[in-house]
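Take a look at the structure set out below.
Predicted, not measured: the structure shown is a model, and the values here were computed from it.
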Amino acid sequence: MGLEIAPGKATIGWIGTGVMGASMCGHLIDAGYKATVYNRTKAKCAPLVAKGATEAGTPNELAAASDVIFTIVGYPKDVREVILGESGVLAGAKPGSILVDMTTSEPKLAEEIYEAAKAKGVHAIDAPVSGGDVGAKEARLSIMIGGEDEAVAAVKPLFEIMGKTIVHQGGPGAGQHTKMVNQILISTGMIGVCEALLYGYKAGLDLETVLQSVGSGAAGSWSLNNLGPRIIKGNFDPGFFVEHFIKDMGIALAESRRMGLSMPGLALAEQLYQAVAAQGYGRNGTQALVLALAKLSNVDWKAKG
């Protein structure tokens with residue numbers, strides 16, 4: 001692959017400057033990469049423009065100015081629009097450039113994008129991430145990668161700026177399948193976190209003290225230790241939106257059906273999160289599950305302090 005990826009050598013395009021994307025792109029700019037950015041809500045580009053990024057008017061305009069194009073948007077339909085649409089990335093991408101979709105999306109769509117990109121001489125990688133807003137801010141995301149060896153190796157220096165755990169899982173779509181494994185694990189784990197804290201709350205325990213006892217033992221988890229304190233303080237700001245988590249679980253359930261798998265735990269979690277959204281918390285973080293569970297038991301959840 002002739003493209004040399006280094007500051008001053010390769011230009012970066014970034015589509016999707018939301019909760020995670022802004023931090024991720026910001027790390028690349030801080031590392032010395034020239035960046036062009038695009039977001040449907042223009043105001044969300046402002047912090048990156050202030051760092052020196054150039055704002056593009058359309059995804060294809062951004063792609064034409066970039067050697068490596070990153071996308072991290074909301075839903076598969078958004079991925080399809082910004083990459084395969086009439087004004088999408090592939091309408092403007094240069095032969096030999098690399099497209100990296102970091103959205104959690106459908107494995108079959110990742111394969112479709114790979115084939116469409118290949119027909120235009122563009123390399124395509126699917127690389128969804130885990131770690132939430134904190135992982136994005138602290139550049140310690142887990143990045144799960146699907147794509148051809150050569151393209152993945154070329155982009156690895158950029159992944160290393162954004163994450164700590166970087167694993168090439170296989171061919172096109174393998175990154176997305178791995179992210180589904182991640183989301184299945186989190187979905188049922190969050191039920192345990194929220195039910196346990198609700199139990200402690202109703203029992204009259206000091207939940208901060210409870211976390212000291214259980215957080216470092218066999219019951220400990222990333223969700224408990226990172227989101228548990230937010231729940232206790234009544235902080236339901238999104239590190240990851242409930243509505244996006246419902247989307248992910250829907251993809252995992254659809255893939256499970258396609259493979260003939262029965263996934264009762266995942267199905268239960270998806271239904272509980274549908275209740276969270278129905279109660280008006282769809283734009284809150286996944287830890288808002290505790291509010292829906294509290295309502296089921298007619299418990300008035302009050303934040304500490």
Is it true that D67 and K94 have a side-chain N and a carboxylate O under 4.0 angstrom from each other?
yes
Can you check whether S130's main-chain N or O pairs, donor with acceptor, with K179's side chain at less than 3.5 Å?
no
Exam field: side chain T58 to backbone E61, donor-acceptor pair closer than 3.5 Å:
yes
Considering only heavy atoms from C-beta outward, does the side chain of V129 approach that of M24 to under 4.5 Å?
yes
Which atoms form the tightest heavy-atom contact between G132 and M20, and what is the distance?
O-CE, 3.6 Å
Under the side chain to side chain contact (heavy atoms under 4.5 Å, CB included) criterion, do L266 and M249 qualify, and how do the steps go?
CA-CA 7 Å; L266 174 61; M249 288 184 282; 3.9 Å; yes
Return yes if some donor-acceptor pair links the side-chain N/O of D126 with the main-chain N/O of Q176 below 3.5 Å, else return no.
yes
Measure up the F245 and Y273 rings against each other and bin them: parallel (under 30°), tilted (30 to 60°), perpendicular (over 60°).
perpendicular
Taking the side chain from H123 and the backbone from S97, do they hold a donor-acceptor pair closer than 3.5 Å?
no
Distance-only polar pair, side chains of Q212 and E208, donor-acceptor under 3.5 Å:
no
Minimum heavy-atom distance V193-S223, with the two atoms named
CG2-CB, 4.1 Å
Is V167 reachable from L185 through a run of I, L, V, M, F, W or Y residues, each pair having side-chain heavy atoms under 4.5 Å apart?
no
Output for pair (D101 CG, L99 CG), nearest 0.5 Å, gives 6.5 Å
Within the side chain of N39, is there an N or O that forms a donor-acceptor pair under 3.5 Å with the backbone of T17?
yes
Answer yes if I98 and I83 sit in the same cluster of Ile, Leu, Val, Met, Phe, Trp and Tyr residues linked by side chain heavy atoms under 4.5 Å apart, and no otherwise.
no
Restricting to non-hydrogen atoms, name the atom on A35 and the atom on C25 that form the minimum distance, rounded to 0.1 Å.
CB-SG, 4.4 Å
Closer than 3.5 angstrom, by distance alone: can the side chain of W14 be matched with the main-chain N or O of G16 as a donor-acceptor pair?
yes
Is any side-chain heavy atom of L48 closer than 4.5 Å to one of I29?
yes
Pair V100-V155, side chain to side chain contact (heavy atoms under 4.5 Å, CB included): steps then yes or no
CA-CA 9 Å; V100 185; V155 176; 4.1 Å; yes
For a quick test of reading the model, state the closest non-hydrogen atom pair linking A91 to E86 and the distance between them.
CB-O, 3.6 Å
Just so I know, are the side chains of F240 and D133 near enough to count as touching, which here means a heavy-atom distance under 4.5 Å?
no
State, yes or no, whether a side-chain contact exists between K108 and E106 at a heavy-atom distance under 4.5 Å.
yes
To the nearest 0.5 angstrom, please state how far the OG atom of S256 sits from the CD1 atom of I184.
5.0 Å
How long is the span from the CD1 atom in I161 to the CG atom in L141, to the nearest 0.5 Å?
13.0 Å
Decide yes or no on side chain to side chain contact (heavy atoms under 4.5 Å, CB included) for Q274 and Q271, but give the supporting numbers first.
CA-CA 5 Å; Q274 290 286 2; Q271 285 297 294; 4.3 Å; yes
On a heavy-atom basis, which atom in L90 and which in A117 lie closest, and how many Å separate them?
CD1-N, 3.8 Å
Transitive ILVMFWY side-chain link M102 to V122, under 4.5 Å
no
If hydrophobic clusters are built by linking Ile, Leu, Val, Met, Phe, Trp and Tyr wherever their side-chain heavy atoms come under 4.5 Å apart, do Y33 and L62 end up in the same one?
no
Least distance between heavy atoms, L293 atom then I191 atom
CD1-O, 4.5 Å
Could you tell me whether the side chain of H27 and the main chain of K137 form a donor-acceptor pair under 3.5 Å?
yes
Quick one: CE on M263 to OG1 on T188, what's the gap to the nearest 0.5 Å?
9.0 Å
Looking at side-chain heavy atoms only, is the closest gap between T103 and Y75 below 4.5 Å?
no
Sort out for me which residue in L158, T178, I166 forms a side-chain contact (heavy atoms from CB on, under 4.5 Å) with I143.
I166
For the rings on Y281 and F236, is their centre-to-centre separation under 6.0 Å?
no
Mind running salt bridge (charged side-chain N to carboxylate O under 4.0 Å, His left out) on D300 and K302 for me, showing each step along the way?
CA-CA 6 Å; D300 182 18; K302 285 186 169 53; 2.2 Å; yes
Within the side chain of S66, is there an N or O that forms a donor-acceptor pair under 3.5 Å with the backbone of I69?
no
Show, in sequence, the C-alpha distance, side-chain angles and deciding distance for K164 and E138, and conclude whether the salt bridge (charged side-chain N to carboxylate O under 4.0 Å, His left out) test is met.
CA-CA 10 Å; K164 292 297 183 189; E138 298 181 357; over 6 Å; no
Would you say R230 has more than 12 foreign heavy atoms packed within less than 6.0 Å of its CZ?
yes
Report the C-alpha distance between Y199 and E195 in whole Å, list the side-chain angles of each, state the deciding distance to 0.1 Å, and finish with yes or no for side chain to side chain contact (heavy atoms under 4.5 Å, CB included).
CA-CA 6 Å; Y199 177 96; E195 287 187 341; over 6 Å; no
For S87 and N60, does a side-chain donor sit closer than 3.5 Å to a side-chain acceptor?
no
Min side-chain heavy-atom separation F70-L28 under 4.5 Å:
yes
Donor-acceptor check, side chain of K247 to backbone of T104, threshold 3.5 angstrom: yes or no?
yes
Transitive ILVMFWY side-chain link L227 to L272, under 4.5 Å:
yes
Within the structure provided, determine whether L253 and R257 are in side-chain contact (heavy-atom separation under 4.5 Å).
yes
Before accepting this row, confirm whether a basic side-chain N of the pair E255/R258 lies closer than 4.0 Å to the acidic partner's carboxylate O.
yes
Is a side-chain N or O of T11 found less than 3.5 angstrom from the main chain of K34, in a donor-acceptor match?
no
Students often mix this up, so state it plainly: with edges at 30° and 60°, are the rings of W301 and Y201 parallel, tilted or perpendicular?
parallel
Distance (rounded to the nearest 0.5 Å) between I246 CD1 and S187 OG:
12.0 Å
First locate atom CD1 of I12, then atom CD1 of I5, and finally report the distance between them rounded to the nearest 0.5 Å.
6.5 Å
Student check: side-chain heavy atoms of L291 and V276 closer than 4.5 Å:
no
